[in-house]
Every structure is written in C-alpha cells, then in structure tokens.
Amino acid sequence: MSQHVRRFLVGIIAVVIASLSVWQQPASAHGFSSTVYAQVSTSGGGHLRTSLELEYDLYVVSAADSQHDDSLFRAGTAAFESGDARDQAAALNTHARSAVAYVTERFSVTAGGKPCTPSQADRFTMDRREGVPYARLRLDWSCPDGGDQALRSGLFSDAEGYVKGVKTIVTYEAEGRSGSAALDAAHPSFSLGQTWYERFWEFFRLGAEHLLTGVDHILFLLALIAGSRRPREIVLAATSFTAAHSVTFMLAALGVVDVPSRVVEPVIALSIAVVAGWYLWRLWRHGGRATDLETREHGHLGLDRAGWSRLGVVFCFGLVHGLGFAGALGIDAAWSWTLLWSLLVFNVGIEVVQLVVIAVVFPVLFLLRRRSLRAGLWATGLISAGVAVMGLLWFVQRVSGF
C-alpha cells in the first residue's frame with residue numbers, strides 16, 4: 001500500500017472518529033415535529049366549518065399544560081398508552097372545555113378582518129395517520145358578513161417546547177373556491193380569496209425549505225455529487241433521483257401508496273450510507289484511478305457498467321426518498337386538479353434547491369480534481385466518509401428508536 005493511500009485512509013479514520021461525536025443527535029434528521037390537518041368547508045346557515053386533525057398525544061400534553069388541566073393529562077396519557085381509540089376520544093370529550101380552548105386560542109378565522117366566533121360542531125372522534133392516533137375536532141365559525149375569510153394557525157408552537165417546525169396543511173372548498181395552503185410559524189395565515197400564484201408560491205417555498213432543512217436529503221445529494229466522476233454522471237444521477245422520487249411523492253401524497261414512516265426513514269438513512277460507501281469502495285479498490293471509466297468503449301449515455309449500476313441504485317433509493325418528501329407534506333386529501341398542481345409546485349421547489357446545490361458544489365470538486373487529483377480525491381473521500389458515517393448512525397438510531 002502506497003504512502004499516499006495510507007495517508008488517505010488515516011484521514012478517513014479521522015473523519016469517522018470526529019463524526020462519532022454527533023451520536024447523541026436526534027434519530028430523525030428532520031427533528032421532532034408534527035403536522036396539523038385542516039379541512040375547510042361551508043356548513044349550514046352560511047357558517048364556515050373547519051375539521052381539524054391533531055396528533056393525539058401531543059394534543060393532550062399541550063392542551064393539559066396550557067389549560068392547567070392535570071386530569072386531562074392523566075386520562076389522555078392513560079388512553080394513549082392503552083391504544084384504545086374509544087378511550088382516547090372519551091378522554092377528550094370528558095375534558096372538552098380544555099381541549100377546545102387550547103385550539104380556539106391558537107387557531108382562528110376572520111372575515112373582513114373581524115373575528116369569527118367558534119363553536120364545537122360535534123364530539124371528538126379518532127383517526128390514524130401513518131400509524132399515529134389523531135384526534136378530530138370539528139368547529140363551526142359564525143362570521144360577520146362581508147370581506148374575505150382568512151385562517152391563522154399557531155398550534156403547537158416552538159415556544160411550547162414539545163416539538164418544532166409544526167405545519168398546518170389546509171385544504172378548502174368553500175365560498176365557491178377550492179385549494180390548499182401550508183401554514184407555519186413564518187407564514188401563519190392565508191386568505192381563502194388568495195390568488196392562484198399566491199397559493200402555489202406557498203408550496204414552492206415549502207418544498208424548497210424542506211430540502212434545505214432536511215439534512216438527510218442534503219447529505220444524500222452530497223454523496224451523489226462526490227461520487228460522480230463526470231458532469232454527465234451527476235446530471236444522469238440527479239435526473240434518475242428526481243424521476244424516482246417524483247413518482248412516489250405524488251402517489252403517496254395523493255394516498256395511492258401508504259408506507260409507514262418507521263420503514264421509510266431507516267431506508268433513507270441507509271441509502272445515504274450506501275451511496276457514499278459506494279464511492280469509498282471504489283477509492284479503496286482503485287486508489288488514484290477511482291475516477292477513471294472502466295472501459296474506453298461506453299454504452300448508451302456514455303456510462304460504463306459501474307455507472308449504470310450506480311444509476312439503478314440511485315433510482316431505487318429515489319423511490320424511497322419520494323415517500324419521505326410526501327410524509328413531510330402530509331396531504332392525503334381527495335383528488336383535485338388544484339391539489340395536484342400544489343403537489344407539483346412543492347416538488348418543483350425541491351428540484352430548484354437540488355439543482356442549486358449541484359451547480360455550486362459539483363463544479364468546485366470537478367475543477368479541484370482537474371487541478372490536483374490528490375486534492376480532489378481527499379476532498380471527495382472525506383465528504384463521502386462523513387456522509388457514510390452519518391447515514392449509518394441515523395440508520396441505527398431510527399431502527400432502534402433511540
């Protein structure tokens with residue numbers, strides 16, 4: 001083994017050791033969060049009706065804490081641990097005053113800037129989303145005449161200290177309008193009278209923010225970039241990844257495919273380690289020739305056998321990442337063209353950020369390899385090693401539930 005390779009391996013080991021210091025980070029790269037779902041429609045008498053679905057255990061803890069209702073906490077927690085949906089609904093119905101007050105203090109409807117008055121439409125019921133119990137609360141809102149109606153959500157805010165980055169996904173069909181919106185702390189409200197491009201901008205922004213804040217997806221992209229030997233390879237890898245995750249993203253978001261997050265998240269973590277490890281294996285096997293093509297005669301699209309194999313692996317893992325994107329958005333409403341376009345725009349937001357990352361990182365690494373093969377191998381090897389270690393750590397954490 002040459003001195004150059006020995007030094008390189010020492011560097012890789014150093015990265016592994018340094019990466020172990022992040023072992024105590026949360027198992028999910030997305031952090032501990034939740035999603036609230038709101039369906040808006042017109043009820044009898046011209047009132048507006050909202051059907052809210054809230055993650056049950058988080059709802060119980062937050063409502064009990066804010067309303068100082070210890071009995072709600074005890075009853076709700078016991079029902080959650082028993083797993084009985086009837087007991088869970090009964091706990092909320094018994095303490096409906098506290099449970100409803102928590103929501104109406106943080107979720108509001110206005111008409112022409114004037115507040116609408118809420119009233120509980122019927123008793124709490126239970127449902128499940130991705131295997132997690134959700135409580136459904138229906139509210140009727142009596143609104144003043146005139147003016148566009150607007151919704152504002154501050155449910156499960158970061159300040160409560162239980163979760164972070166909660167989003168409220170709204171779908172509506174009321175007052176002759178239909179559409180969808182995504183609310184969060186930075187954009188807590190929207191008007192039912194908003195224009196089509198305002199609605200789509202919200203989903204574009206949401207898609208862009210999700211990729212930027214989804215550390216696991218960013219690391220997967222970095223592994224693709226570091227392991228690509230030619231501009232053609234990163235273009236084809238990115239295209240393959242995009243095509244694959246677009247398919248499963250749309251199917252899952254529209255409710256056609258349903259895969260539990262407990263399966264999706266570990267596989268996403270494993271995909272990061274595999275794609276990064278693939279390049280490390282080439283470095284181990286070929287050393288300074290790791291960036292060479294295997295044969296001078298290439299097949300279709302200018303790829304050798306290794307390039308085609310890698311492309312197939314990227315496509316398969318892209319299918320899984322699409323399920324992860326859909327889980328973050330959390331829409332499974334009935335089919336509509338408006339919803340379809342919203343999902344497409346969300347996906348476009350993801351793709352734009354992905355292209356920006358590639359356009360910034362790949363030319364730097366490619367030029368570095370051209371100027372100094374050794375420096376280029378060090379840079380791409382260290383990136384791949386760090387990414388591989390993080391992927392393995394996340395995989396173990398997500399499988400074990402730490």
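For the numbers below, each heavy atom of this structure counts, side chains included, while hydrogens, waters and symmetry mates do not. Residue numbers run from 1 in the order of the sequence given.
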Working note: L365 + I383, criterion side chain to side chain contact (heavy atoms under 4.5 Å, CB included); need CA distance, chi angles, decisive distance, verdict.
CA-CA 11 Å; L365 295 177; I383 290 172; 4.1 Å; yes
Run the numbers on L92 and R123 for side chain to side chain contact (heavy atoms under 4.5 Å, CB included), then give the verdict.
CA-CA 9 Å; L92 291 174; R123 294 168 63 83; over 6 Å; no
Quick one: do V235 and I358 satisfy side chain to side chain contact (heavy atoms under 4.5 Å, CB included)? Show the steps, please.
CA-CA 9 Å; V235 170; I358 292 173; over 6 Å; no
Does V264 form a side chain to side chain contact (heavy atoms under 4.5 Å, CB included) with V320? I'd like the steps, not just the answer.
CA-CA 6 Å; V264 172; V320 182; 4.1 Å; yes
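In this structure, L72 CG and R97 CZ are separated by 13.5 Å, a value rounded to the nearest 0.5 Å. With rounding to the nearest 0.5 Å, the separation of CG in L211 from NE2 in H217 is 7.5 Å. Atom CG in L224 sits 12.0 Å away from atom CG in L236 (nearest 0.5 Å). Note: C316 SG to H321 NE2 = 11.5 Å, rounded to the nearest 0.5 Å. Rounded to the nearest 0.5 Å, atoms OG1 (T239) and CD1 (I234) are 9.0 Å apart. Atom-to-atom distance recorded for F362:CZ and L367:CG is 9.0 Å, nearest 0.5 angstrom.
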Throw together a table of side-chain donor-acceptor distances under 3.5 angstrom for residues 53-62, partners on residues two or more places apart or in other chains.
{"residue": "E53", "atom": "OE1", "partner": "R129", "partner atom": "NE", "Å": "3.0"}
{"residue": "E53", "atom": "OE2", "partner": "R129", "partner atom": "NH2", "Å": "3.4"}
{"residue": "E55", "atom": "OE1", "partner": "S34", "partner atom": "OG", "Å": "2.6"}
{"residue": "Y56", "atom": "OH", "partner": "G76", "partner atom": "O", "Å": "3.3"}
{"residue": "Y56", "atom": "OH", "partner": "Q88", "partner atom": "O", "Å": "3.4"}
{"residue": "Y59", "atom": "OH", "partner": "A99", "partner atom": "O", "Å": "2.6"}
{"residue": "S62", "atom": "OG", "partner": "L58", "partner atom": "O", "Å": "3.0"}
{"residue": "S62", "atom": "OG", "partner": "E160", "partner atom": "OE1", "Å": "3.1"}

Side chains of residues 107-116: which donor-acceptor partners sit under 3.5 Å, not counting sequence neighbours?
none

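L270 is linked by a side chain to side chain contact (heavy atoms under 4.5 Å, CB included) to V274, F395, counting only residues two or more places apart in sequence or in another chain. The side-chain hydrogen bond (donor to acceptor under 3.5 Å, both in side chains) test applied to S71 returns D69, H95, not counting sequence neighbours. Every residue two or more places apart in sequence or in another chain that forms a side-chain hydrogen bond (donor to acceptor under 3.5 Å, both in side chains) with D65 is listed here: Y162. Residues passing the side chain to side chain contact (heavy atoms under 4.5 Å, CB included) test with A273, sequence neighbours excluded: L392. For the ring-ring contact (aromatic ring centres under 6.0 Å, His included) test, no residue two or more places apart in sequence or in another chain qualifies with F315. Here S246 pairs with N347 under the side-chain hydrogen bond (donor to acceptor under 3.5 Å, both in side chains) rule; sequence neighbours left out. Scored by the salt bridge (Lys or Arg N to Asp or Glu O under 4.0 Å) test, D184 finds R205 as partners (sequence neighbours excluded). Every residue two or more places apart in sequence or in another chain was checked for a side chain to side chain contact (heavy atoms under 4.5 Å, CB included) with A185, and none qualifies. Residues passing the side-chain hydrogen bond (donor to acceptor under 3.5 Å, both in side chains) test with R49, sequence neighbours excluded: D140. Evaluation of the salt bridge (Lys or Arg N to Asp or Glu O under 4.0 Å) rule for D122 yields R138 as partners, not counting sequence neighbours.
No side-chain heavy atom of V275 sits under 4.5 Å from any side-chain heavy atom of F241. For the pair Y172/L151, no side-chain contact is recorded, criterion being any heavy-atom separation below 4.5 Å from C-beta on. At a threshold of 4.5 Å between non-hydrogen side-chain atoms, the residues V166 and L155 do not count as touching. Between V36 and L183 there is no side-chain heavy-atom pair separated by less than 4.5 Å. In this structure, V360 and V364 have side chains that are not in contact, with every pair of non-hydrogen atoms separated by 4.5 Å or more. For the pair Q397/E265, no side-chain contact is recorded, criterion being any heavy-atom separation below 4.5 Å from C-beta on. L48 places a side-chain heavy atom less than 4.5 Å from the side chain of Q149. Between M390 and D216, every side-chain heavy-atom pair lies at or beyond the 4.5 Å cut-off.
Of all heavy-atom pairs spanning R106 and S66, the tightest one is NH2-CB, 3.5 Å. Here the closest heavy-atom approach between residue V257 and residue L323 is recorded as CG1-CD2, 4.2 Å. Listed here is the closest heavy atom pair of S153 and T168: OG-OG1, 2.9 Å. Closest heavy-atom contact between L368 and A375: CD2-O, 3.8 Å. Taking both residues in full, the closest heavy atoms of A223 and R310 are given as O-NH2, 3.9 Å, listed atom of the first, atom of the second, then distance. Summarising the geometry of I350 relative to G207, their closest heavy-atom pair is CG1-O, 3.4 Å, with the distance given to 0.1 Å.
Distance alone, capped at 3.5 Å, is enough to place a donor-acceptor pair between the S271 side chain and the I268 backbone. Side chain of D158 to main chain of G165: a donor-acceptor pair is present (N/O by atom type, distance under 3.5 Å, no hydrogens or angles). Judged by distance alone, with hydrogens and angles left aside, the side-chain atoms of T248 form a donor-acceptor pair with the main-chain N or O of L319 at under 3.5 Å.
When the shell of 6.0 Å around OH of Y134 is examined, it contains more than 12 heavy atoms from other residues, nucleotides or ligands.
Using modelled atom types and a 3.5 Å distance limit, the side chains of T242 and Q354 yield a donor-acceptor pair.
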